[in-house]
Number of protein chains: 2
Amino acid sequence: MPHSDEVIRAAGLKVTPVRRAIVALFAESLRPLTPRDVHVRLLEQFSRSGLPGVYRNLETLAERGILFRIAGFGQVRRYALCPKPGSGHQHHIICVACGRIDRIDECLYHDGMMVGGYRLLSHTMQFEGVCASCLSETNNGQS
Amino acid sequence: MPHSDEVIRAAGLKVTPVRRAIVALFAESLRPLTPRDVHVRLLEQFSRSGLPGVYRNLETLAERGILFRIAGFGQVRRYALCPKPGSGHQHHIICVACGRIDRIDECLYHDGMMVGGYRLLSHTMQFEGVCASCLSETNNGQS
DNA sequence: ATCTTAAACGGAAAACATTTCCATTTAAGA
DNA sequence: TCTTAAATGGAAATGTTTTCCGTTTAAGAT
Ligand SMILES: [Mn+2]
Ligand SMILES: [Mn+2]
Ligand SMILES: [Zn+2]
Ligand SMILES: [Zn+2]
C-alpha cells in the first residue's frame with residue numbers, strides 16, 4: 001500500500017510481501033543495515049524468513065539502484081537506501097565513540113580523473129572519526 | 001642471513017625460519033600478497049607450514065609496522081611491505097584489465113580534518129582503474 | 001476467476017576466509 | 001646447558017556469504 005510498491009515495481013521486480021517489508025525497513029531506518037539486521041527484523045513479521053532470501057533481495061535491490069551496498073567496515077556488509085533510485089555511489093563515516101554511521105556527501109575523487117598513473121573507474125572509501133555530538137560531549141573537539 | 005633478520009629483530013620479534021621467509025617474500029615481491037599466496041609460497045620451503053601461522057605472522061608483522069594490511073578488494077585480505085618500517089597507512093589501486101595492484105602515494109584526505117561534521121581519525125580507500133600500460137594497449141586512454 | 005510460468009522463496013548444505021584451541025617445538029637470553 | 005615465553009602446526013570452530021533444490025507465488029494472459 002505505501003510507497004515501497006512503486007519503487008519495487010518501477011525497478012521491474014515482483015512486489016512480494018518480503019520485498020515490500022525490506023524496502024519499508026530501509027525507508028524507515030536512519031542507518032545502514034546489515035543482512036543480519038534485516039533478517040532479524042523480518043523474522044518479527046515472517047517467522048519463516050530465510051537468510052539466503054535476504055541476501056538475494058539486498059543484492060537484487062542494489063543491482064536495481066534502490067539500495068547501495070556498503071563494504072569495508074569490518075567484514076560485515078551493509079546496505080543503505082539510495083537517496084533517489086539510481087543515484088550513484090556513496091561514502092560513509094563511522095563514529096568510533098558511538099558507532100553511528102553517516103553518509104558523506106562530498107567526495108574529493110571523481111571517476112575519470114588520473115590517480116597514480118591510472119585512469120580512475122571507481123572508488124570506495126571508509127572513514128572513521130568522531131561525530132559532532134560525541135565531539136561536543138567529550139570536549140576533545142579542538143586543539 | 002639477509003636484511004630480513006634485522007627488520008624482524010628491530011621489531012622485537014623472534015627470528016624464526018618461517019618469519020624470515022615471510023619477510024623475504026614481501027621484500028622480493030613487487031605486489032601485495034594474500035595470506036593464501038604467502039602460504040603457498042611457504043609450502044615450497046616448509047612442507048608443514050600452517051595457514052593459522054601465516055595469519056598470525058602477517059598480523060604480527062602488520063602490528064609492528066613492517067607490513068601494511070590492505071582490505072577492501074573483494075573479501076580477501078592482502079598485505080604489502082611498508083616502504084619504511086612504521087610508515088603510515090597506504091592506499092592502493094587495482095587495474096580492472098590486468099589485475100595489477102599499485103600503491104597510491106598521494107592522498108586528498110588527512111586525519112584530523114573535518115569530514116561531514118566528523119573529525120577524521122582514519123580512512124581507507126580502494127581504487128579501481130586502468131593502469132598506464134593497459135591504457136596504451138587498448139588505446140582508450142583519451143575521451 | 002483460472003491458468004501458466006518465470007521469479008521468488010525457505011531450508012539445508014557448501015564455500016571461504018579467518019580465528020581459536022591446544023599440545024609441541026624452538027629462539028634467545030641467563 | 002637450562003629456562004621460558006614466544007612461535008608453531010593441525011584440527012576444529014566461527015561467521016559471513018553463496019549454492020542447490022524443491023516448493024510457492026506474483027503477475028500477465030486466458
Ligand atoms: Mn566518491
Ligand atoms: Mn590517506
Ligand atoms: Zn558519535
Ligand atoms: Zn593493467
Side-chain angles (χ1 to χ4, degrees), chain A residues 1 4-25 32-64 66-67 69-79 126, chain B residues 1 4-25 32-64 66-67 69-79 126:
Chain A
M1 173 170 289
S4 306
D5 290 21
E6 322 295 330
V7 177
I8 296 169
R9 211 183 310 274
L13 298 172
K14 281 192 186 179
V15 179
T16 71
V18 170
R19 192 166 279 157
R20 180 178 10 230
I22 290 178
V23 173
L25 218 50
L33 300 171
T34 65
R36 178 168 301 279
D37 289 339
V38 172
H39 186 225
V40 168
R41 300 286 302 274
L42 282 185
L43 284 174
E44 298 169 3
Q45 306 176 51
F46 309 90
S47 53
R48 307 208 164 190
S49 159
L51 208 35
V54 172
Y55 275 94
R56 235 183 290 124
N57 264 316
L58 295 178
E59 255 324 90
T60 301
L61 292 169
E63 284 166 5
R64 304 306 176 98
I66 297 173
L67 298 180
R69 191 218 282 215
I70 304 167
F73 290 115
Q75 62 264 56
V76 201
R77 176 183 303 186
R78 284 184 173 81
Y79 291 84
Q126 301 81 35
Chain B
M1 172 169 291
S4 307
D5 289 23
E6 322 295 330
V7 176
I8 296 169
R9 210 182 310 275
L13 298 172
K14 282 192 186 179
V15 179
T16 69
V18 170
R19 191 166 280 157
R20 180 180 6 232
I22 290 178
V23 174
L25 218 49
L33 301 171
T34 66
R36 178 168 301 277
D37 289 339
V38 173
H39 185 225
V40 169
R41 299 287 302 273
L42 281 185
L43 285 174
E44 298 168 3
Q45 306 176 51
F46 309 90
S47 53
R48 307 208 165 191
S49 159
L51 209 34
V54 172
Y55 275 94
R56 233 182 291 124
N57 264 316
L58 294 178
E59 255 324 90
T60 300
L61 292 170
E63 283 166 6
R64 305 305 176 100
I66 298 173
L67 298 181
R69 191 218 285 215
I70 304 168
F73 291 114
Q75 63 264 53
V76 202
R77 177 182 302 184
R78 286 183 171 81
Y79 291 84
Q126 301 81 35

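A note on names: the letters A, B, ... follow the listed sequences, proteins ahead of strands, and every chain is numbered from 1. Model, not experiment: these values are computed from the prediction.
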Between P of D:dT16 and OH of A:Tyr79, the distance in whole Å: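 Value for this atom pair: 14 Å.
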Distance in angstrom units between A:Phe46 CZ and D:dT24 P, rounded: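 Rounding to the nearest Å, CZ of A:Phe46 and P of D:dT24 are 18 Å apart.
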Side chain to side chain contact (heavy atoms under 4.5 Å, CB included) against A:Thr16, all qualifying residues, sequence neighbours excluded: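 Testing A:Thr16 for side chain to side chain contact (heavy atoms under 4.5 Å, CB included), a comparison that skips the adjacent residues, returns A:Lys14, A:Val18, A:Arg19.
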Residues in side chain to side chain donor-acceptor pair (under 3.5 Å) contact with B:Arg78, at least two apart in sequence or another chain: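 Partners of B:Arg78 under the side chain to side chain donor-acceptor pair (under 3.5 Å) test: none.
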DNA chain D-proximal residues of residues 49-62 of chain B, any heavy atom under 4.0 Å: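 Nucleic-acid contacts, sorted: B:Ser49, B:Gly50, B:Pro52, B:Arg56, B:Asn57.
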side-chain N/O A:Arg36 vs D:dT16 OP1/OP2, d < 4.0 Å: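 Yes, A:Arg36 has a side-chain N/O under 4.0 Å of OP1/OP2 on D:dT16.
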OP1 or OP2 of D:dA7 under 4.0 Å from side-chain N/O of B:Arg19: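 Yes, because at least one side-chain N or O of B:Arg19 sits under 4.0 Å from OP1 or OP2 of D:dA7.
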D:dG15: pairing nucleotide in any strand, Watson-Crick or G-U under 3.5 angstrom: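 Paired with C:dC16.
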Short heteroatom pairs, N/O only, protein and nucleotides 27-30 of chain D, under 3.5 Å:
{"unit_1": "D:dA27", "atom_1": "OP1", "unit_2": "A:Val15", "atom_2": "N", "d": "2.7"}

From CA spacing to verdict: side chain to side chain contact (heavy atoms under 4.5 Å, CB included), A:Leu25, A:Asp37: CA-CA 10 Å; A:Leu25 218 50; A:Asp37 289 339; over 6 Å; no
Contact boundaries on DNA chain C for chain A, cut-off under 4.0 Å to non-hydrogen atoms: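 Contacts span C:dA6 to C:dA12, reading 5' to 3'.
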Residues in salt bridge (Lys or Arg N to Asp or Glu O under 4.0 Å) contact with B:Glu63, at least two apart in sequence or another chain: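 Testing B:Glu63 for salt bridge (Lys or Arg N to Asp or Glu O under 4.0 Å), a comparison that skips the adjacent residues, returns none.
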